[in-house]
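Note: hydrogens, waters and symmetry copies are ignored here, and every other heavy atom, side chains too, is used. Reminder, nothing fancy here: chain letters follow the sequence lines and each chain counts from 1. Since the model is a prediction, treat every value here as computed from it, not as a measurement.
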2 protein chains.
Amino acid sequence: MGLIVQKFGGSSVSDAEGIKRVARRIIDTKAQGHEVVVVVSAMGDSTDELLDLAAQLTDDAPAREMDMLLSAGERISMSLLAMAIDQFGESAVSFTGSQAGLITDSTHGMARIMEVSPQRIRRAIDRGFIAIVAGFQGMSKESKNITTMGRGGSDTTAVALAAALGADVCEIYTDVDGIYTADPRVVHAAKKIDTISSEEMLEMAASGSKILHLRCVEYARRFGVPLHVRSSFSTNEGTWVLPDPNDKIKIQEGEPLEQPIISGVAHDHSEAKVTIIGVPDIPGKAAQIFGVIAAAQANIDMIVQNISTKGSGATDISFTLPMTETKRVLAALETARGEIGFEDIEHNDEVGKLSLIGAGMRSNPGVSFTFFEALHQAGINVDMISTSEIRISVVTDADKLNDAVRAIHTAFNLDTDVEATVYGGTGR
Amino acid sequence: MGLIVQKFGGSSVSDAEGIKRVARRIIDTKAQGHEVVVVVSAMGDSTDELLDLAAQLTDDAPAREMDMLLSAGERISMSLLAMAIDQFGESAVSFTGSQAGLITDSTHGMARIMEVSPQRIRRAIDRGFIAIVAGFQGMSKESKNITTMGRGGSDTTAVALAAALGADVCEIYTDVDGIYTADPRVVHAAKKIDTISSEEMLEMAASGSKILHLRCVEYARRFGVPLHVRSSFSTNEGTWVLPDPNDKIKIQEGEPLEQPIISGVAHDHSEAKVTIIGVPDIPGKAAQIFGVIAAAQANIDMIVQNISTKGSGATDISFTLPMTETKRVLAALETARGEIGFEDIEHNDEVGKLSLIGAGMRSNPGVSFTFFEALHQAGINVDMISTSEIRISVVTDADKLNDAVRAIHTAFNLDTDVEATVYGGTGR
């Protein structure tokens, strides 16, 4: 008995069969005595089809109109889902983002949720209805325009509603059984994680794990919403992402376990590395460089600077960033070369990033040794290193990345015998 | 210089090329110094595609959800149209029905407009924007749900906005050059009508002319909105439908003309005829019969009752109604046969209705003679007759209907030498 928010992505509702399967799933949850609020994304490829239509007209669509266009996708999927539920004998009612009280800022295409006023949703569930809410969209506070939230927007919608409604859990349905200790397509022996803290999940998401978006995990952590990531194709328990690490024990039904040292291994093929060579080793140069990069609207990930070679008076600064942003950043840096006074600039798209994540490494001094020893044994060269309290990340050659992931996974005893099931793509 | 509301149907915006053509058209109007508000329907077949998806899930969709689903179509077309206008260098902003202040009752699928509060539209055009509004949809006053207006809804949206904004004209763009003296597919010599009164246009629409919906003409007449029905494929003047017949003279640029006796000939293949034989000729029987029909939710058109044959004490009552409603009405009447006490019931789907419309026939006693003489000469048998002050309608055999239309068109000197251009289907 409780209030459950369930989120289904576009691949779960890509056709009539998928919509029916999701409808039955929702009805089953209701039948167990729960109140149910559902957040749904646009059907399968429908967003791409809308983008395609827009591209036939312009390559520079006004952002407000693009949001108006894209928001149509969820209207279609949510009303169809409500119809399917009705056909199976339960009552559902669908709500657009603005009807559901999702108030955002005015940043079209990347809107952030400012407040949630879910009175209509509350009334609907109080009357015994299943509430279906459009993911990914809201209404801007100031201009009352329709906004969309960008990647991960539907997950974030679900978490925001769960927080505002005081839901017991926010279930994120996806095409895998949960979060794995590594990407099962790379590490066949990867193991499903039963529980993970929000903090660790944040590091996983930031390090390339694609199942949950960073933003949704941040939101869930901030508002204390437990997430349950599970497959829409099975009824297996998935992975619980818990804002309070002490909840882990509660979840495991009275069988308190030592917290594992390591949660998992994440990897990322989408970054590039840039090295700025011969930066004058005087105060303010780094700030100047990253000011130029920020002005180019790029998101820097890892940054490494070594001490300057004795006597040279100059140093090298390396950083990684999304590959798609390399061109823009290089151009911005070249323009500022004279002003900054560096010697040269190099970049490399053929890199990969591997991250080992685990809250347990805080109090476990042997982790770094095991980590680098395993890479060494596997003959993998490390290019850059960066760490946080609960994460070690390295940059390697792109073609060595998968080997590195497998080596680390094995070294930390994460391998299992059961092979993971992977079903398809992911939606919004 | 003025405010123009333009309505484009689904066939005008069925693909990117169509949207671009419409965008240029709108920009041309703005360039002439006008303020422009545009009402647009869903793209081409997109509504049918949505209905198809729903049909895969249920054959009895909740009306509220069906409206939510269908309203997505205009979101897509209107935002794409705004993008196309932007691409051509003008600024446009799109509005859903509820954003445009179209407040309706709660009859999903057949909602009627209750009030129009176009403040956002007004502000947009005051700031120099072209406003694009979703046709066919609004928001219900009580429940704040999204509603759709059924057939002719986009035309009605356009007229309602024109009335609320005090527009100088509401232009209805379609795939023909205007209203013709008869259907050009039947009468090749049909002539485009330059001006027609709302009153006559109402009779034309009620008599089977498909270009404008009855509802839209009624609205325009009630609120004194001049309509200009014209082609989206040419810049020719179309047909002006004028609420005040005296405006006709104004429109014809200082060249006052005698009002023509006849406006045109309309015909309708979609009706069936029902005759109830041997109805007891006592007071209250007709009321009883039409009470039964009303309870079956059918729309009766023509009704004819002859005086009873001397001494029989019984009479026959005939009426026409949409063919699609025949089955329902016959069943209702059969159920009530004992109670009403009629002898028999006949029905015939193979009928056609022809109507001659013209405000001038009020003061022109020769019209009826010319009308029936022409039908006689053409060897056409008349089955039922019904008249209003400005209309004569007859029911004939279906296979004689087109001949009848041509005979009447010729008899009233409506034929022209120029052949009409017909382009395609019609939208919402």
Side-chain angles (χ1 to χ4, degrees), chain A residues 13 15-20 23 42-43 46 49-88 91-96 98-99 120 123 129 132 134 137 139 143-146, chain B residues 13 15-20 23 42-43 46 49-50 52-88 91-96 98-99 119-120 123 129 132 134 137 139 143-146:
Chain A
V13 292
D15 57 13
E17 281 320 301
I19 291 171
K20 287 180 193 171
M43 290 173 73
S46 63
E49 287 163 20
L50 293 175
L51 288 171
D52 227 47
L53 275 170
Q56 287 177 48
L57 296 169
T58 175
D59 49 9
D60 183 27
R64 178 193 183 279
E65 299 304 325
M66 189 55 98
D67 277 1
M68 181 69 92
L69 177 69
L70 295 182
S71 71
E74 280 81 18
R75 289 204 159 192
I76 294 170
S77 57
M78 74 184 191
S79 51
L80 290 172
L81 183 55
M83 288 177 196
I85 290 172
D86 182 88
Q87 173 72 11
F88 290 139
S91 296
V93 57
S94 68
F95 297 97
T96 63
S98 71
Q99 289 177 339
R120 288 189 72 172
R123 274 202 302 278
F129 286 92
I132 316 283
Q137 58 180 263
M139 186 176 68
S143 56
K144 310 271 182 255
N145 285 324
I146 286 145
Chain B
V13 292
D15 57 13
E17 281 319 301
I19 290 171
K20 286 181 194 171
M43 290 172 75
S46 63
E49 286 163 19
L50 293 175
D52 228 47
L53 275 170
Q56 287 177 49
L57 296 169
T58 175
D59 49 9
D60 184 26
R64 179 192 182 281
E65 299 305 323
M66 188 55 98
D67 277 1
M68 182 68 91
L69 177 69
L70 296 182
S71 71
E74 280 80 18
R75 286 203 163 193
I76 294 170
S77 57
M78 74 184 191
S79 50
L80 291 172
L81 183 55
M83 288 177 196
I85 289 172
D86 183 87
Q87 173 71 9
F88 291 140
S91 296
V93 57
S94 68
F95 297 97
T96 63
S98 71
Q99 288 177 339
Q119 291 85 347
R120 287 189 73 172
R123 273 203 302 278
F129 286 92
I132 315 283
Q137 59 179 261
M139 186 177 67
S143 55
K144 312 272 183 254
N145 285 323
I146 286 146

How far apart are the C-alpha atoms of B:Arg120 and A:Asn145, what are their side-chain angles, what is the distance that settles it, and do they pass the side-chain contact (heavy atoms from CB on, under 4.5 Å) test?
-> CA-CA 11 Å; B:Arg120 287 189 73 172; A:Asn145 285 324; 2.8 Å; yes

Start with the C-alpha gap between B:Met83 and A:Met66, add the side-chain angles, then the distance that decides, and say whether side-chain contact (heavy atoms from CB on, under 4.5 Å) holds.
-> CA-CA 8 Å; B:Met83 288 177 196; A:Met66 189 55 98; 3.8 Å; yes

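Chain A forms the most heavy-atom pairs under 4.5 Å with one residue out of B:Met78, B:Gln87, B:Met43, and that residue is B:Gln87. Residue with the most contacts toward chain B among A:Ile19, A:Ile132, A:Val93, A:Asp15: A:Val93 (heavy-atom pairs, distance under 4.5 Å). Note: A:Pro62 leads A:Ala82, A:Ala84, A:Pro62 in heavy-atom pairs under 4.5 Å with chain B. Between chain A and the residues B:Ser79, B:Ala54, B:Ala61, B:Ala23, the most heavy-atom pairs under 4.5 angstrom are made by B:Ser79. Contacts with chain B were tallied for A:Asp67, A:Asp59, A:Asp60, A:Ile146; A:Ile146 has the most, counting heavy-atom pairs under 4.5 Å.
Proximity to chain A (any heavy atom under 4.5 Å) is shown, for B:Ser77, by neither the backbone nor the side chain. Residue A:Thr96 touches chain B through both its backbone and its side chain, counting heavy-atom pairs closer than 4.5 Å.
Side-chain atoms of A:Arg75 never come within 3.5 Å of backbone atoms of B:Arg75 as a donor-acceptor pair (strictly under, hydrogens ignored).
Note: A:Leu57 CG to B:Leu80 CG = 5.5 Å, rounded to the nearest 0.5 Å.
Here A:Ser94 pairs with B:Glu65 under the side chain to side chain donor-acceptor pair (under 3.5 Å) rule; sequence neighbours left out.
Scanning all heavy atoms of the two residues, the minimum distance from A:Gln99 to B:Met68 falls at OE1-CE, 3.4 Å.
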